[in-house]
Peer 1: 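Sharing a structure here in structure tokens format.
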Amino acid sequence: MTEPVITGPALRYTSSLDGGTQTTTCIDRDVLTDPRERALCRALLLHALALLDASEPTRRTTTGGTP
């Protein structure tokens, strides 16, 4: 299996082993066509975003609206 050439950060999805082959898709650049794979990627991205949001410190604002 040949990995696509990536410069910089990328989000990749590697398919399940199917008949001895796997595919790697850069999901931030190419669209997955299989509905099951699309749903899986969407769920993983939402979970990752929820974890990032939960790790953010809470921001308190003053009466002037400045943090």
Peer 1: Measure the spacing between OG1 of T23 and CZ of R12 and express it to the nearest 0.5 Å.
Peer 2: 12.5 Å
Peer 1: Roughly how far, to the nearest 0.5 Å, is OG of S16 from CZ of R36?
Peer 2: 5.5 Å
Peer 1: Through direct or indirect side-chain contacts below 4.5 angstrom among Ile, Leu, Val, Met, Phe, Trp and Tyr, which residues connect to L40?
Peer 2: L11, Y13, I27, L32, L44, L45
Peer 1: Distance from R38 atom CZ to T25 atom OG1, nearest 0.5 Å?
Peer 2: 11.5 Å
Peer 1: Where do S15 and E37 come nearest, in terms of heavy atoms and distance?
Peer 2: CB-OE2, 3.5 Å
Peer 1: So, taking the atom named CG in L46 and the one named SG in C41, what distance separates them when rounded to the nearest 0.5 Å?
Peer 2: 11.0 Å
